[in-house]
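Proteins get letters first, then strands, A, B, ... in listed order; numbering begins at 1 in each. All values reported here derive from a predicted model rather than from experimental measurement.
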Number of protein chains: 2
Amino acid sequence: MLPHVDSTPRVKMEDVARTAGVSVATVSKVVNGRYGVAQSTLTRVREVIDQLGYEASLGARSLRSHKTNVLGILVAEFEPFSTELLKGASAAVGATGYELLAYSGGGGGSVGWERRYLSRLSGTLIDGAIIVTPTVVEANTGVPVVAVDPHTGPTGLPTVDSDNYAGAVLATEHLIGLGHRRIGFLGGRLDLESARLREAGFRHAMEVAGLPVDESLVGVGGYRRETADAPARVLLDRDDPPTAVFAANDLSAIQVMAVAVELGRSVPADLSVIGFDNVPESALASPPLTTINQPLQEMGAEALRLLVDLIDGKDRSTHLRLPTELVVRASCAPPRR
Amino acid sequence: MLPHVDSTPRVKMEDVARTAGVSVATVSKVVNGRYGVAQSTLTRVREVIDQLGYEASLGARSLRSHKTNVLGILVAEFEPFSTELLKGASAAVGATGYELLAYSGGGGGSVGWERRYLSRLSGTLIDGAIIVTPTVVEANTGVPVVAVDPHTGPTGLPTVDSDNYAGAVLATEHLIGLGHRRIGFLGGRLDLESARLREAGFRHAMEVAGLPVDESLVGVGGYRRETADAPARVLLDRDDPPTAVFAANDLSAIQVMAVAVELGRSVPADLSVIGFDNVPESALASPPLTTINQPLQEMGAEALRLLVDLIDGKDRSTHLRLPTELVVRASCAPPRR
DNA sequence: AACGTTATTGATAACGTTATCGAATCGTGA
DNA sequence: TCACGATTCGATAACGTTATCAATAACGTT
């Protein structure tokens, strides 16, 4: 296997030891800064390490020591949502002395991926993990774990999320305030708590405004463009389409706009669309998407800080809920009279 | 260490073996689908694996087998540029059967990080790597490596980049076309090839237009907001400021706009600003930033495909250069008369 | 000079997995 | 009944590192 690679076969601790004329045990002590090495050998070994460019194998090290100084952030897939969290976590990790490893399986995304990934990496490789939008939250893993935007809400694992309910109310009120009365809703992934809360917020705001919810205008978008396409068509391609659609996340909102254009409708003149998340892509859409901001980078940073505190054994609040807010761009307007 | 965690201590292969009444060797065979295990034991072991939720430790496995089915993407830091590449690589990895691991050190970002990270992960843990904006490109690593936007251009390692020179010409011509004659340039990181090319493109376009380059209007922004702040002030806080600034990447362009506003100047009325990269953040800036698009996600996807082909020993073109294009938003206007 | 202390060092056994290879079992044909 | 190949299985040795602990050297004390 790999027959062609130019093989300088990795300099290992043994090489350093031989060159410096000491044992591997001593090299290990130098590398880990442990007590009990003479000043002279210390500098000599250090020189050899620099010269040979030695770096300890993460795999081997962690297999033995079970302390790696590496934190994992586990995602089903690197889409906009999780990469925003990743940026936030990355910014926060700098101060901590840990390193950050982001892991994603081959996009399979089947239920239970988080337990598989966790099992695969914990115990070896990572000292703790952040899991993003997990569907199964189990407590008994070998290492501390923080969940972001999980399935089951604040039970079980320490959790960071945002106020999905209030945000959904905000979005719906914005549409109602513009004069819309016939409003469609394109929901998220059924198994996620956030999707449930956003729908609940939508229904609550409608009820408060005295508007009936037409159940034929409620679809399931699944948070992804591919999965949102069909239900978006169902919603729009009918005799009495809604004048506005609240999509449960930005990606499906963007897809709703694409479908609308394809059906000859113009946004926002013929149809208002509002999203949720405020991922950077939402500003790139045309027209730029009005949406609800979740402070994703902040959430990532907070999750990382929480994780580090847990590892250090610090006692602290184990559930964080960050506020959402309305971001007005150009995809919503009053309905045609 | 980690005294408080609820320890269900990781189910290992030995546990599966004991429960199923076989040896660890047999379990290993089942896990890896190797020939030589009876149908009955096969199903029995599989059941136990499911039941116990066993997943092989990545660290241990790769230590021994040197084939992990995991690809690494190594970045100094998860900032917008590298996360866009990450999205592209992630989208492309789905089809390949590999998994993707993104790794970043603690933001230290010193020169030579790429060799350190690579040494740490290769040989164990990953079968190949994409390194993003490396400063040192060395060929002799244990595993195939693809560089994206590297220091030294197309020498040494297989490389994916975009046409930085042509893009810079485009940007400069856009400003000139609007009527600007006094144009400032805020360069990138001196050690990166892309920065050199962008400056060269700028100078070329100026020369073609017959415009002299005022060297006091050329600064070094370093590609980051923090490092761009001071030189941006030098550029703008003077008696004869430029009417337009071409910043060598979006982040420093955004910082230029921030500084301008702080100095009481309005963009684009008093100052036009153009960036480079078209990271999603550029559309979120106010005003939305006119910039040069690099197809970052495509570049990530291409880099990943190239890497996989290299691992599989396929012969193919080892250098890819993708086109850049102008994206007009709202940060540029004709100069005040 | 004999001793105890303290500083250095290196063998050696793990860690959880896979690769190799010999042993045990089972059929089958002569 | 015996021999022999095919099938199935499990001991055992790696992989590169760290933790433990015994061995040695160096030194000061009485």
Going by atom type alone, with no hydrogens or angles, which donor-acceptor pairs under 3.5 Å involve a side-chain atom of residues 49-58 of chain A and a protein atom two or more places apart or on another chain?
| residue | atom | partner | partner atom | Å |
| --- | --- | --- | --- | --- |
| A/Glu55 | OE2 | B/Arg120 | NH1 | 3.1 |
| A/Ser57 | OG | A/Gly59 | N | 3.4 |
| A/Ser57 | OG | A/Ala60 | N | 3.2 |
| A/Ser57 | OG | B/Thr124 | OG1 | 3.3 |

Partners meeting side-chain contact (heavy atoms from CB on, under 4.5 Å) with [X] (sequence neighbours left out):
| X | result |
| --- | --- |
| B/Arg64 | none |
| A/Leu307 | A/Leu71, A/Ile130, A/Pro144, A/Val146, A/Ile311 |
| B/Glu226 | B/Arg224 |

- Message: Keeping B/Glu79 on the side-chain end and B/Phe81 on the backbone end, is there a donor-acceptor pair under 3.5 Å?
- Response: yes
- Return the set of residues passing side-chain hydrogen bond (donor to acceptor under 3.5 Å, both in side chains) with B/Thr68 (not counting sequence neighbours), or none when no residue passes. B/Asp127
- Just jot down the side-chain hydrogen bond (donor to acceptor under 3.5 Å, both in side chains) partners of B/Thr133, sequence neighbours excluded, or say none. none
- Query: Taking OP1 and OP2 of C/dT8, is either one under 4.0 Å from a side-chain nitrogen or oxygen of A/Tyr35?
  - Reply: no
- How is the base pairing of DNA chain D summarised as a dot-bracket string, given the Watson-Crick and G-U wobble criteria with both distances under 3.5 Å, [ ] for crossing and | for another strand? ||||||||||||||||||||||||||||||
- Item | Nucleotide-resolved protein contact map, nucleotides 10-19 of chain C, B/S/- at heavy-atom distance under 4.0 Å | BB-BBBBBBS
- Message: Over all strands shown, is A/Thr41 touching base, sugar-phosphate only, or nothing at heavy-atom distances under 4.0 angstrom?
- Response: sugar-phosphate
- Item | Residue pairs involving residues 12-33 of chain B (criterion side chain to side chain donor-acceptor pair (under 3.5 Å); sequence neighbours excluded) | B/Asp15-B/Arg18, B/Ser23-B/Thr26
